[in-house]
There are 2 protein chains.
Amino acid sequence: MTNIQDVAKAAGVSTASVTRYLAGQTIRRADAVKQAIDELGYRPSHVARSLKTGRHDSIGVIVPDISNPFFAALVKGVEREMRPHGMQVILGNSDEDAGREEALVRELSQRTDGIIMAPLTENDEIPLALMKTGIALVFVDRDISSGPDVDRVLVDNASGVRQAVDHLVGLGHTRIAAISGPLDSTPGRMRHEALLSSFEHHGIAADDSLLRIGDFREASGRAAIQEIWAAPQRPTAVFVANNLMTTGALTALMEMGVRVPSDLSVVGFDDLPLAALLDPPLTVIARPDVDQGAAAARLLVERLGEPGQPSPAPHPTQSLVLPVELVVRGSTIAAPALPEGSPA
Amino acid sequence: MTNIQDVAKAAGVSTASVTRYLAGQTIRRADAVKQAIDELGYRPSHVARSLKTGRHDSIGVIVPDISNPFFAALVKGVEREMRPHGMQVILGNSDEDAGREEALVRELSQRTDGIIMAPLTENDEIPLALMKTGIALVFVDRDISSGPDVDRVLVDNASGVRQAVDHLVGLGHTRIAAISGPLDSTPGRMRHEALLSSFEHHGIAADDSLLRIGDFREASGRAAIQEIWAAPQRPTAVFVANNLMTTGALTALMEMGVRVPSDLSVVGFDDLPLAALLDPPLTVIARPDVDQGAAAARLLVERLGEPGQPSPAPHPTQSLVLPVELVVRGSTIAAPALPEGSPA
DNA sequence: GTGAAAGCGCTAACAG
DNA sequence: CTGTTAGCGCTTTCAC
């Protein structure tokens with residue numbers, strides 16, 4: 001490849017002048033340099049530049065599962081927000097694997113100026129190590145329990161769950177099952193806790209045979225609903241804590257011949273791209289996805305500044321909590337008449 | 001950050017020995033080096049190493065739309081295949097934007113040893129420039145018309161379309177509408193051409209009022225089906241050339257009160273994660289997604305070799321064509337009795 | 001405004 | 001097996 005020396009030679013200037021030209025400074029022989037660059041097809045080496053400056057003009061995004069539409073949308077939000085700032089976005093998919101997450105963090109922390117990530121669990125040690133390297137960090141969707149000095153963007157999980165439970169109770173449901181996410185992840189824990197406290201608020205007894213903990217993946221939604229449906233007293237409604245488990249649960253219900261919503265009302269956390277086209281259209285708690293990514297990107301830009309510019313002064317970390325919204329469609333209807341006494 | 005010199009000093013060896021240790025060669029004071037590395041928390045600078053060696057031990061994947069489940073699955077396949085080879089996978093999302101694709105190619109070609117990409121259009125000039133840089137390249141799902149010297153993995157689009165048309169004709173449909181993809185993209189063109197030739201094979205006249213060209217995005221599927229439904233003679237079946245446009249078309253049909261399949265049979269290209277849960281379950285041409293990504297990754301590995309090892313000898317480029325399969329579900333049924341004369 | 005020169009952190013001859 | 005050293009391509013003092 002042609003390098004800066006070739007250009008300097010061809011233009012009859014020093015390499016320093018080429019650098020200055022590249023940086024947008026005014027130099028005397030600008031047009032000669034421009035011509036040399038064009039003719040030689042010169043492209044500055046990003047690697048060499050990074051080695052010298054320590055900057056990369058790029059950021060990384062690490063998500064647990066890129067084939068989850070929520071994270072795909074989130075990534076899109078990050079990219080849209082970053083594009084005008086001239087920063088490249090590099091994407092890493094940990095595939096819900098801690099080892100892979102660690103490899104990605106190590107890798108991307110050497111190639112980028114900042115990382116947006118959804119840590120796998122709240123005990124995740126990996127981000128802690130990352131913070132020590134001094135790289136800018138933003139958590140999105142998930143948090144870790146220790147080390148509060150990080151920018152973060154979360155959604156109001158508790159409010160979403162409350163809206164869902166209120167909705168079901170309002171329809172007369174009292175036997176409500178739930179498929180929660182892993183309790184060591186932020187959304188899993190927060191949604192589960194909110195569920196229990198909502199139950200308590202409405203005077204609903206938590207029935208262990210109706211409560212299952214999944215892993216946010218489709219297969220666990222399938223397994224959980226099968227167990228729940230085998231409970232001695234079946235529920236009239238079920239809350240599922242994320243999109244993939246909802247998909248799994250719906251599939252299993254269909255296979256078992258359980259009709260939604262006449263046999264069982266279903267409300268899921270996370271909207272699905274096709275939720276309105278499902279049979280029946282799915283009632284869900286919708287949360288911002290693209291916007292959540294964009295918000296995280298903005299926090300990172302505030303900390304990093306524009307490429308080429310000096311970094312802004314450090315400022316306190318920010319925590320954003322975005323609102324969620326219950327979208328009532330066809331998968332939730334009034335509870336059937338009760339066989340035994342219960343609150344109206 | 002602590003560098004190789006610090007380690008060398010602490011271990012009482014030269015930097016060369018540290019390098020050798022890192023490369024897995026046997027050196028005398030291995031344990032002293034190991035200890036120094038651990039104590040200092042030393043991480044080799046990827047940037048410096050790349051500058052020196054010209055290798056990156058990573059590959060790039062550039063897709064037009066990461067929120068399309070097909071590409072998300074494809075990326076997953078690439079990652080699964082690459083992981084055991086110790087190569088990092090860096091993902092770029094061009095968002096169907098040529099400018100962005102170019103920026104990604106420029107960027108990733110400087111950070112990676114090889115690129116797997118689905119070019120936006122068959123006239124895409126960008127990959128040509130990329131090939132000149134000598135970086136390894138694999139096309140997946142899409143191709144470009146010039147420059148045949150590239151490894152590629154495609155699916156048998158023509159066969160898929162033929163299966164779909166045969167299926168519809170077998171059900172008695174003769175007024176078949178179609179929403180094709182952009183004719184300057186490989187899958188768009190191949191599927192459209194196969195459609196026309198299948199029509200001809202079955203003696204079906206191509207009716208311009210039933211043929212629309214979309215852009216593979218959801219909104220164009222919506223718009224196209226609305227136009228088609230406004231045609232003087234409505235179709236009894238429609239073929240939609242990809243998943244996103246199918247989603248758009250189904251949504252529009254629902255909004256217009258058109259019932260599938262009784263009013264209109266629908267067959268789509270690409271399976272959808274929720275296709276079986278839709279109302280009705282969708283008949284589709286399913287093509288490999290994860291496997292297509294994995295196949296592309298294997299081609300790239302064959303060309304690149306393992307990290308640390310010398311590159312394998314160059315070999316002729318390969319073209320893989322993976323089979324597709326018609327999955328009949330509930331969205332296609334027999335055509336209604338014909339008002340006018342027609343083949344049985 | 002400009003050029004000479006040092007050096008970012010690492011690897012790969014090379015000589016021992 | 002080991003250490004010395006040059007140099008990957010760039011930016012950034014520094015002196016002019």
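A note on names: the letters A, B, ... follow the listed sequences, proteins ahead of strands, and every chain is numbered from 1. Quantities reported herein were computed from a predicted structural model and do not represent experimental measurements.
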When only distance counts, do a donor and an acceptor, one from the side chain of A:R20 and one from the base of C:dG3, lie under 3.5 Å apart? yes
Just the rounded figure in Å: distance from P of C:dG9 to CG of B:L40. 14 Å
Under 4.0 Å: is that the gap between some side-chain N or O of A:Y21 and OP1 or OP2 of C:dT2? no
Any idea which heavy atoms bring A:D289 and A:A73 closest together, and the distance? CG-CB, 3.5 Å
Is there a donor-acceptor pair under 3.5 Å between the side chain of A:D124 and the backbone N or O of A:P119? no
Protein-nucleotide distance (A:L22, atom CG; D:dT12, atom P), rounded to Å: 12 Å
From B:T317 OG1 over to B:L137 CG, what is the distance, rounded to the nearest 0.5 angstrom? 11.0 Å
Within the structure shown, what part of the strands sits under 4.0 Å from B:S17 by heavy-atom distance: base, sugar-phosphate, or nothing? sugar-phosphate
Kindly check if the number of other-residue, nucleotide or ligand heavy atoms within 6.0 Å of CD (A:E306) is above 12? yes
Donor-acceptor contact below 3.5 Å, side chain A:Q35 vs main chain A:D31: no
A:A16 side chain, from C-beta outward: closest of C:dA4, D:dC10, D:dT11: C:dA4
For a quick check of understanding: with a heavy-atom distance under 4.0 Å over all strands, which category does A:I27 fall into, base, sugar-phosphate or nothing? sugar-phosphate
Is B:S50 near enough to D:dC8 that one of its side-chain N or O atoms lies under 4.0 angstrom from OP1 or OP2? no
Rounded to whole angstroms, how far apart are NZ on A:K9 and C1' on D:dC10? 15 Å
Residue-phosphate contact under 4.0 Å: B:R28 side-chain N/O, D:dC1 OP1/OP2: no
If we ignore hydrogens and angles and just use 3.5 Å, is the side chain of A:Q110 paired with the main-chain N or O of B:H46 as donor and acceptor? yes
Nearest-nucleotide comparison on DNA chain C, the residue closer to the 5′ end among A:V13 and B:N3: A:V13
Under 4.0 Å: is that the gap between some side-chain N or O of B:S45 and OP1 or OP2 of C:dG9? no
Expressed in angstrom and rounded to an integer, what is the separation of A:I4 atom CD1 from D:dC10 atom P? 5 Å
With hydrogens left out and only the distance checked, is there a donor-acceptor pair under 3.5 Å joining A:R29's side chain and the base of C:dG1? no
Phosphate OP1/OP2 of C:dG3 contacted by A:S14 side-chain N/O (<4.0 Å): yes
For C:dG1, does either OP1 or OP2 sit under 4.0 Å from a side-chain N or O belonging to A:T26? yes
If you pin A:R55 and B:K52 to their nearest nucleotides in DNA chain D, which one's is more 5'? B:K52
Between NE2 of B:H46 and C1' of C:dC10 the distance, given in whole Å, is 12 Å
Report the distance from atom CD of B:Q25 to atom C1' of D:dG3, rounded to the nearest whole Å. 14 Å
If I take atom NE2 in residue A:H56 and atom P in nucleotide C:dC8, what distance separates them, rounded to the nearest angstrom? 16 Å
Look at all strands and tell whether A:T19 reaches a base, only sugar-phosphate, or nothing, counting heavy atoms closer than 4.0 Å. base
Provide, to the nearest angstrom, the distance between the CZ atom belonging to B:R49 and the P atom belonging to C:dC8. 18 Å
